[in-house]
There are 2 protein chains.
Amino acid sequence: MARSSLTREEVLAAAAGLVRQHGPDALTMRKLAAELGTAVTSIYWHVGNREQLLDALVERTVQDMGAVRPVGRTPAERIVSVARGLRRELRARPHLIAMVHERGLTERMFLPAQQALVHEVHAAGLRGARAADAVRAVQFQVVGFVLVERNRERSPAQSPAETELWDDPAAAGAAAPDDPALTHALTRPADPERLFLLSVRALVRSLLAPAG
Amino acid sequence: MARSSLTREEVLAAAAGLVRQHGPDALTMRKLAAELGTAVTSIYWHVGNREQLLDALVERTVQDMGAVRPVGRTPAERIVSVARGLRRELRARPHLIAMVHERGLTERMFLPAQQALVHEVHAAGLRGARAADAVRAVQFQVVGFVLVERNRERSPAQSPAETELWDDPAAAGAAAPDDPALTHALTRPADPERLFLLSVRALVRSLLAPAG
DNA sequence: ACCTGAACACCGTTCAAGT
DNA sequence: ACCTGAACACCGTTCAAGT
């Protein structure tokens, strides 16, 4: 089953497909070769080796991460909208994002978003180092949240989950004696979407507040 | 070089050592066997297989994560101190924490800290679902921050780093026309310790503020 | 109960050889 | 310029065999 002519593009596309569907571990040179109908060693001619193949995939992902356009009337609203857009883009490419992160290209991937954040923070009246801090705080918050969130999704069966932990009356009582609503809330799994919005809004409100 | 009697404990200790020093990928059954001076297959008798060995290491780490004792006069201060303690403990065991996370045991690992947070949030006057949200927002913030931060450390050579990106006058100018101090601040690498404190304080201030 | 080596099915990578 | 199979050094795991 010889192919007319194998392209570097074809190799990258097939590799991206494997990663997208089954994660980076599923991307073995041999499986990739089988998928493409070539000998394993042909792949080496086109992309060097496995490491360089992953580098190329990551590079591609970084460039695909388009600029997010802020929406909303106030700077705070617009910052939150950037954060939401960032989260959406990150969640659409979980495996590739993880690889970008492992390779230390996260900052570069976030340049468009960072520029948007700088613009909004500036519009909100922040200047100098304080503006830079605000931008970075939001960036860290968003990326960190998505990492944690993604992790929870991947391993849904936390055993024992918070659920069961707070079902222990002794433990629950020790921390918060008379608040069944609180313990009940902690018993149910967190709603990430809601928690994300709530967290970002809370952070942004403080960062943009007049007094340092 | 037959050993008198191989223990499950010995296997776990050696495995933990390998992971601590060189990361989970360096933990191969064969290297572990060599380290212990036994046949590879002996390990299987004691710990099942590689997966179960990692499970056991993770379980151990979870139990090692002690309770953090809040310090400070106001609830806000005490919450921040819990966050700092959490960050310190996480950073002391980077590889193992990553494994705990991969296995979805993060929530359980954080139970002691969560109870402390519940207590403080309650003391600050928050009740019910809103208190639960505050606890989780802080938890996500801390874990997420450490994940992002750890990642940056592991790959120090961001290429091109923010440094170079903001050195491009056109890009910098488009986002924030007249703030050299801002662009200069973004040119230098972030100070994680400072950014962490700043972020947590900002978040907590909002979460504990009277109006929802 | 505990340990062993042989064997199997997988890896990534190199290299000399083909066209 | 592009592709190939053979070969090497690694994996995790199983299993029958030892004591």
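Proteins get letters first, then strands, A, B, ... in listed order; numbering begins at 1 in each.
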Participant: Does the side chain of A/Met99 reach to within under 4.5 Å of the side chain of A/Thr61, using non-hydrogen atoms?
Facilitator: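 They are not in side-chain contact.
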Participant: Looking only at heavy atoms, which two atoms of A/Val121 and A/Ala131 are closest? And how far apart?
Facilitator: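 Smallest heavy-atom distance, with atoms named: CG1-CB, 3.5 Å.
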Participant: Considering just the side-chain nitrogens and oxygens of A/Thr38, establish if one lies under 4.0 Å of OP1 or OP2 belonging to D/dC3.
Facilitator: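 Checking D/dC3 against A/Thr38, no side-chain N or O comes under 4.0 Å of OP1 or OP2.
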Participant: Check A/His101 against B/Val148 and note the closest heavy-atom contact, atom names and distance.
Facilitator: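 Looks like CE1-CA, 4.1 Å.
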Participant: Output yes when A/Lys31 and A/Glu35 qualify as a salt bridge under the 4.0 Å nitrogen-oxygen rule, no when they do not.
Facilitator: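 No, this pair does not count.
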Participant: Using the 3.5 Å cut-off, write out each protein N or O paired with an N or O of nucleotides 12-19 of chain D and the distance between them.
Facilitator:
from	atom 1	to	atom 2	distance (Å)
D/dG12	OP1	B/Met29	N	3.1
D/dG12	OP2	B/Met29	N	3.0
D/dG12	N7	B/Arg30	NH1	2.3
D/dG12	O6	B/Arg30	NH2	3.1
D/dT13	OP2	B/Tyr44	OH	3.2
D/dT13	OP2	B/Arg50	N	2.9

Participant: What's the CD1-C1' distance between A/Ile43 and D/dT4, to the nearest Å?
Facilitator: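 The distance from CD1 of A/Ile43 to C1' of D/dT4 comes to 13 Å, rounded to the nearest Å.
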Participant: Return the value, rounded to whole Å, for the distance between atom CG of A/Leu36 and atom C1' of D/dC2.
Facilitator: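 Rounded to the whole Å, the gap is 15 Å.
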Participant: Taking Watson-Crick (N1-N3 plus N6-O4 or O6-N4) and G-U wobble (N1-O2, O6-N3), each under 3.5 Å, can you produce the dot-bracket string of DNA chain C? Use [ ] for crossing pairs and | for inter-strand ones.
Facilitator: ||.|||||...|||||.||
Participant: Do the numbers put A/Arg87 on top of the ring of A/Phe196, so that NZ or CZ is under 6.0 Å from the six-membered ring centre and no more than 45° off the axis?
Facilitator: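 Relative to the ring axis of A/Phe196, which defines the angle, A/Arg87 lies inside both limits.
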Participant: Counting just side-chain N and O atoms, does B/Ser42 come under 4.0 Å of either OP1 or OP2 of C/dT4?
Facilitator: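 Answer yes for this pair, as a side-chain N or O of B/Ser42 is under 4.0 Å from OP1 or OP2.
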Participant: Ignoring backbone atoms, test whether B/His46 places a side-chain nitrogen or oxygen under 4.0 Å from the OP1 or OP2 oxygen of C/dA1.
Facilitator: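 No, no such contact exists.
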Participant: If you count heavy atoms of other groups shown closer than 6.0 angstrom to CZ of A/Arg84, is the number above 12?
Facilitator: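 No - once you tally the heavy atoms of other residues, nucleotides and ligands closer than 6.0 Å, there are 12 at most.
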Participant: Got A/Leu198 and B/Leu207 here, is their nearest side-chain heavy-atom distance under 4.5 Å?
Facilitator: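 Of all side-chain heavy-atom pairs linking B/Leu207 with A/Leu198, at least one is under 4.5 Å.
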Participant: Under 4.5 Å between any side-chain heavy atoms of B/Arg194 and A/Asp133, yes or no?
Facilitator: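 Yes - at least one pair of side-chain heavy atoms lies under 4.5 Å apart.
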